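These notes are about the structure you will find just below.
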Amino acid sequence: MTPEALAAVIREAIGHLADSDALQVDVPSEVHVERPRSRDHGDYATNAAMALAKSAGLPPRAIAELIARALQSVPGIAQAEVAGPGFINIRLDSAASGEVARQAVEQGQAYGRGSTLAGRTINVEFISANPTGPLHLGHTRWAAVGDAIARVLAAAGAAVTTEFYVNDRGVQMDRFGASVLAAATGQPIPEDGYHGGYIVDLAAEVVAEEPQLLELPAEERLAGFRESAYRRQLGQQQQVLALFRTHFDVWSSERALHESNAVEHGFEELRSHGHVFTADGAVWLRTTDFGDDKDRVLVKADGEYTYFASDTAYYVNKRERGFDLCIYLLGADHHGYVNRLRAVAACNGDAMETVEVLIGQMVKITRGGQEVKLSKRAGTIVTLEELVDEVGVDAARYSLIRYPVDSPLTLDLEVISQRTNDNPVFYVQYAHARISSVLRNAADLGIDWRTAAFDPGLLTQEREGELLASIAGYPRVVASAAELREPHRIARYLEELATAYHRFYDTCRVLPRSDESLTQTHIARLWLCAASRQVIANGLGLLGVSAPERM
RNA sequence: GCGCCCGUAGCUCAACGGAUAGAGCAACCGGUUUCUACCCGGUCGGUUGGGGGUUCGAGUCCCUCCGGGCGCGCCA
């Protein structure tokens with residue numbers, strides 16, 4: 001029995017009590033079931049009685065008594081007793097606990113997937129870097145976390161589209177082009193240009209492969225270099241992201257937005273809602289109608305569109321493509337955008353909740369405790385590529401996802417490339433490899449556990465119970481990670497699951513020793529192993545981290 | 001000045017408003033002569049930055065102060 005199933009049972013019990021007038025309450029839509037820290041408090045505990053006390057006008061313990069008595073007759077529940085201020089502590093019988101092993105094995109990759117977000121059509125936009133340089137560490141955090149969020153949302157039943165918005169228009173692109181051209185022709189790179197070493201490499205590449213560009217008249221030459229370098233740089237970003245296992249369904253170009261007239265179209269939509277006005281020769285969006293500090297300019301007095309104009313049109317475009325939720329992942333240096341983005345939604349006649357902005361704090365990186373400075377302009381940058389080269393995709397992804405994004409993060413390159421428990425990705429992966437080995441050995445011994453009768457009631461050891469409970473908790477972890485947009489919960493959970501497995505393995509012999517014959521207990525433990533492995537693989541899959549069969 | 005985020009063990013960090021605030025690392029002590037020891041067990045370690053409040057119950061919610069990060073363009 002999973003905690004969700006138990007919660008449903010408790011809710012049902014409360015419903016019966018309410019129907020029979022034993023208790024005058026509204027049946028709560030959600031019943032909270034938790035795994036108590038201390039096993040003395042049972043397998044699970046619920047605070048339902050305490051939560052109902054106020055509306056029922058009865059002391060929590062009295063309500064708890066009623067519910068507990070009802071639960072005692074439920075199949076699978078071995079014991080239900082009132083404790084403390086009104087908790088109900090519940091003990092399952094071992095067969096009911098053990099059934100989740102069967103569920104996990106039989107459901108396979110589907111185990112843990114849910115439907116809490118079914119019907120939602122969600123756009124997740126992240127990274128959206130300028131195509132004027134390699135992706136650096138901040139982008140890398142989003143590459144890992146954004147991708148994991150998308151996977152987790154999908155696991156909760158949402159239809160998810162991941163999207164990368166390419167800022168390929170405007171002054172930065174011109175500076176980029178000018179920088180590459182300067183490098184190609186031996187001129188000093190402009191003060192306001194890009195000075196990274198990669199500019200020189202790009203310039204050399206362009207010259208080698210498109211020497212004819214050098215022959216063009218000045219203006220066309222500049223444009224030629226800009227476009228060529230842009231294509232190459234974007235291609236490089238795409239290639240590195242693919243290597244990093246971060247997939248985007250849609251690459252959306254700011255330039256294309258303008259060329260397809262989507263910007264003007266977006267303005268019309270907003271105008272029809274009455275939030276566009278003209279002042280001082282500029283066109284504005286009245287975002288202050290919806291909580292922004294100040295109104296924002298869409299078209300400057302000189303006729304140029306602002307960056308915000310594209311953002312606004314892009315939002316309208318997303319809505320027209322059918323997304324009912326637009327999630328943006330932004331760096332902390334962009335948190336000033338939150339209010340105006342939400343205001344854009346409201347100006348479009350949408351609920352402000354249609355826009356959800358996740359703010360990620362900065363990532364610092366150290367090597368052996370010493371900070372590695374990041375500066376895109378100065379060229380001493382740690383790029384996504386360099387990080388992966390140094391620590392590998394699995395360690396990089398896992399380390400970046402493992403922490404909530406709203407706190408600043410410091411990663412030490414030495415630590416996350418070591419195979420210590422400072423670097424738990426290996427700990428989790430090792431559990432998977434270890435189980436794989438056991439299952440291989442079982443096959444070698446000719447044990448066909450899958451078709452043998454599985455008696456979950458034989459899993460009565462304390463550590464078997466802990467492991468089963470951990471497995472049973474997985475679907476809820478996925479659901480809450482999706483609801484809270486916090487994939488780090490998956491990682492933390494996997495570490496606990498791996499611990500539970502290692503502890504189980506330490507005390508419970510799975511396979512028969514050479515002088516032993518095969519028993520039902522061996523079979524039951526093999527099911528437990530297979531279930532554990534399935535859940536680890538599913539969880540790592542949500543993080544985009546591999547689940548190796550051997551290490 | 002205004003706004004957002006953060007402050008938890010020596011370090012890096014967890015903890016749907018729930019019971020005695022937890023892991024890993026570091027330090028120290030143990031465990032494998034048969035399934036992967038990249039593992040397991042134990043010891044040490046805390047006024048959750050300070051102070052108020054809300055309630056059956058606060059690391060978590062509210063107020064305030066202190067400390068740190070980031071942002072406040074007709075820039076992108």
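To find a chain, count down the sequence lines: A is the first, B the second, and so on, and within it residues start at 1. Please read these numbers as outputs of a predicted model, since none were measured by experiment.
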**Study point:** Donor-acceptor pair, side chain of Thr306(A) and main chain of Leu298(A), under 3.5 angstrom
**Key:** yes
**Study point:** Rounded distance (Å) that lies between atom C1' of A37(B) and atom CZ of Phe426(A)
**Key:** 17 Å
Point to revise | side-chain N/O Lys300(A) vs G73(B) OP1/OP2, d < 4.0 Å | key: no
Check your understanding: Just checking Arg489(A): base, sugar-phosphate only, or nothing, at a heavy-atom cut-off of under 4.0 Å?
Key -> sugar-phosphate
Revision key, fill the gap. The Watson-Crick or G-U wobble partner of G45(B), with both key distances under 3.5 Å, is none
Practice item. Hey, which sits more toward the 5' end of RNA chain B by its nearest nucleotide, Glu304(A) or Ala332(A)? Key: Ala332(A)
**Study point:** A9(B) - base-pair partner by Watson-Crick or wobble geometry, distances under 3.5 Å
**Key:** none
Check your understanding: Taking atom P in both A23(B) and C40(B), what distance in whole Å separates the two?
Key -> 13 Å
Exercise for review: Classify the nucleic acid contact of Glu486(A) as base, sugar-phosphate or nothing, counting any heavy atom under 4.0 Å across all strands shown.
Suggested key: nothing
Check your understanding: Which value, in whole Å, describes the distance between the P atoms of nucleotides A9(B) and G50(B)?
Key -> 10 Å
**Study point:** OP1 or OP2 of C35(B) under 4.0 Å from side-chain N/O of His502(A)
**Key:** no
Point to revise | Donor-acceptor contact below 3.5 Å, side chain Trp284(A) vs main chain Ala279(A) | key: yes
Review point. How close or far is atom P of U12(B) from atom CD of Gln361(A), stated in whole angstroms?
Key: 16 Å
Review point. Any idea which of U36(B), C74(B), C40(B) is nearest the Val438(A) side chain?
Key: U36(B)
Exercise for review: By nearest nucleotide on RNA chain B, pick out whichever of Cys508(A) and Met551(A) is the more 5' one.
Suggested key: Cys508(A)
Practice item. Quickly work out the Met173(A) CE to C75(B) C1' distance and round it to whole Å. Key: 17 Å
Check your understanding: Ser480(A) near the nucleic acid: base, sugar-phosphate alone, or nothing, with a heavy-atom cut-off under 4.0 Å?
Key -> nothing
Check your understanding: Side chains of Glu254(A) and Tyr314(A): is there a donor and an acceptor less than 3.5 Å apart?
Key -> no
Point to revise | Residue Asp333(A), side-chain heavy atoms: nucleotide from A19(B), G71(B), C39(B) that is nearest | key: G71(B)
Practice item. Answer yes or no: is there an ion pair linking Glu356(A) with Arg485(A), defined by an N-O contact shorter than 4.0 Å? Key: yes
Practice item. State which of C40(B), U36(B), C13(B) makes the closest approach to the side chain of Arg463(A). Key: C40(B)
Review point. Given A15(B), G3(B), U34(B), which nucleotide is nearest the side-chain atoms of His488(A)?
Key: A15(B)
Review point. Checking all strands, does Arg550(A) fall into the base, sugar-phosphate, or nothing category for heavy-atom contacts under 4.0 angstrom?
Key: base
Point to revise | Residue His335(A), side-chain atoms from C-beta onward, closest of U36(B), A19(B), C70(B) | key: C70(B)
Exercise for review: For nucleotides C62(B) and U55(B), find the distance between their P atoms and express it as a whole number of Å.
Suggested key: 15 Å
Review point. Where the side chain of Leu409(A) is defined as all heavy atoms beyond and including C-beta, which of C35(B), C13(B), G71(B) is the nearest nucleotide?
Key: C13(B)
**Study point:** Rounded distance in Å between the P positions of U12(B) and G59(B)
**Key:** 23 Å
Exercise for review: Check whether the ring centres of Tyr328(A) and His334(A) lie less than 6.0 Å apart, and answer yes or no.
Suggested key: no
Review point. Tell me: CZ of Arg402(A) to P of A15(B), nearest whole Å?
Key: 11 Å
Review point. What does A14(B) pair with, Watson-Crick or G-U, if both distances are under 3.5 Å?
Key: none
Exercise for review: Using Watson-Crick or G-U wobble geometry with both distances below 3.5 Å, tell me the partner of U20(B), or none.
Suggested key: none
Practice item. Could you tell me the separation between the CG atom of Leu298(A) and the P atom of G73(B), rounded to a whole number of Å? Key: 16 Å
Check your understanding: Taking the C1' atom of each, how far is C56(B) from A19(B), in whole Å?
Key -> 13 Å
Review point. Has the side chain of Asp506(A) got a donor or acceptor atom sitting under 3.5 Å from an opposite partner on the base of A37(B)?
Key: no
Review point. Does a side-chain N-to-carboxylate-O contact under 4.0 Å join Glu4(A) and Arg11(A)?
Key: no
Review point. When you measure from the side chain of Tyr427(A), which nucleotide among C40(B), G3(B), A19(B) comes out closest?
Key: C40(B)
Review point. The side chain of Val297(A) lies closest to which of these nucleotides: A19(B), C74(B), U36(B)?
Key: C74(B)
Exercise for review: May I ask whether Tyr505(A) stacks on the base of C35(B), given the cut-offs of 5.5 Å between ring centres and 30° between planes?
Suggested key: yes
Review point. Are any of Asn47(A)'s side-chain N or O atoms less than 4.0 Å away from OP1 or OP2 of C56(B)?
Key: no
**Study point:** Rounded distance in Å between the P positions of G71(B) and G57(B)
**Key:** 42 Å
Review point. Taking the six-membered ring for Trp, does Phe87(A) stack with G18(B) (centroid gap under 5.5 Å, planes within less than 30°)?
Key: no
Check your understanding: Nearest-Å distance, CZ (Arg509(A)) to P (U36(B))?
Key -> 9 Å
Practice item. Would you mind telling me which of C35(B), G18(B), G71(B) lies closest to the side-chain atoms of Met50(A)? Key: G18(B)
Exercise for review: Could you tell me whether Thr410(A) contacts a base, only the sugar-phosphate backbone, or nothing, with contacts defined as non-hydrogen atoms closer than 4.0 Å?
Suggested key: sugar-phosphate
Check your understanding: Whole-Å distance between G18(B) P and Arg61(A) CZ?
Key -> 20 Å
Check your understanding: Okay, side chain of Glu483(A), backbone of Leu117(A): is any donor-acceptor separation there less than 3.5 Å?
Key -> no
Review point. Quick one: Asp293(A) CG to C4(B) C1', roughly how many Å, whole number?
Key: 11 Å
Point to revise | Same-atom distance (C1') from G17(B) to G53(B), integer angstrom | key: 16 Å
Practice item. Give none if G71(B) has no partner; otherwise give the nucleotide forming a Watson-Crick or G-U wobble pair with it, both distances under 3.5 Å. Key: C2(B)
Review point. Any side-chain heavy-atom pair from Leu528(A) and Glu464(A) closer than 4.5 angstrom?
Key: yes
Point to revise | Partner nucleotide, any strand, of U55(B) [Watson-Crick/G-U, under 3.5 Å] | key: none
Review point. Can you tell me how far C1' in A15(B) sits from the matching atom in G31(B), rounded to whole Å?
Key: 30 Å
Practice item. Examine G73(B): is either OP1 or OP2 under 4.0 Å from a nitrogen or oxygen in the side chain of Lys294(A)? Give yes or no. Key: yes
Check your understanding: What do you reckon, is CD of Glu191(A) surrounded by more than 12 foreign heavy atoms closer than 6.0 Å?
Key -> no
Practice item. Pick base, sugar-phosphate or nothing for Ala431(A), based on heavy-atom distances below 4.0 Å to the nucleic acid. Key: nothing
